[in-house]
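Below: the structure, in structure tokens.
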Amino acid sequence: MEFDDQMRRFFGTDDLGAVSPDGLASGIERMLVEFGLETDKGRRFAMWSLLYMLGSAPDLDVAFKDPRDREAARTFMDLLDQANAGEGS
């Protein structure tokens, strides 16, 4: 699942700046519902990643049963934190 595909599917655009606060909340709610129903590991991780970037991701122990998936999510979080820290320099 491509990032732009997720944006269009859940928010109707690939530009988050164009989404109203209500539209953002509604899109996040739809993502959380689909995330709970999704069985494909790759799609599930992609949705969780976007939810994380939006500050709405479920906790790792709830989101991922497999410890390897939780570790991949932790790595993603660390990489994103490093990238964000680099922007402030």
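All values below were derived from every heavy atom in this structure, side-chain atoms included, with hydrogens, water molecules and symmetry-related copies excluded. Residues take their numbers from the sequence shown, with the count starting at 1.
The backbone N or O of Asp61 lies less than 3.5 Å from no partner atom in the side chain of Asp59, so there is not a single donor-acceptor pair.
With respect to the salt-bridge test (charged N to carboxylate O, under 4.0 angstrom), the residues Arg68 and Glu71 do not qualify.
At a threshold of 4.5 Å between non-hydrogen side-chain atoms, the residues Arg30 and Arg9 do not count as touching. Contact of the Leu60 side chain with the Trp48 side chain is registered, since non-hydrogen atoms from C-beta on lie closer than 4.5 Å. The side-chain heavy atoms of Leu54 and Phe10, taken from C-beta on, include no pair separated by under 4.5 Å. Residues Glu38 and Phe45 fail the side-chain proximity criterion, which asks for heavy atoms closer than 4.5 Å. A 4.5 Å side-chain heavy-atom check between Leu37 and Glu34 finds every atom pair outside the cut-off. In this structure, the side chains of Asp69 and Arg44 stay at 4.5 Å or more apart for every pair of heavy atoms.
Annotation for Leu50 and Phe3: closest pair CD1-CE1, 3.5 Å, computed over non-hydrogen atoms. Between Phe35 and Pro58, the shortest heavy-atom distance links the atoms CE2-CG, 3.8 Å. Of all heavy-atom pairs spanning Leu32 and Leu51, the tightest one is CD2-CD1, 3.7 Å.
To the nearest 0.5 Å, atom OG1 of residue Thr75 and atom CG of residue Leu80 are 12.5 Å apart. Taken from CE in Met7 to CG in Asp4, the straight-line distance is 8.0 Å, to the nearest 0.5 Å. Note that CZ of Arg43 is 8.0 Å distant from CD of Gln6, once rounded to the nearest 0.5 Å. Expressed to the nearest 0.5 Å, how far CE of Met77 lies from OG of Ser49 amounts to 10.5 Å.
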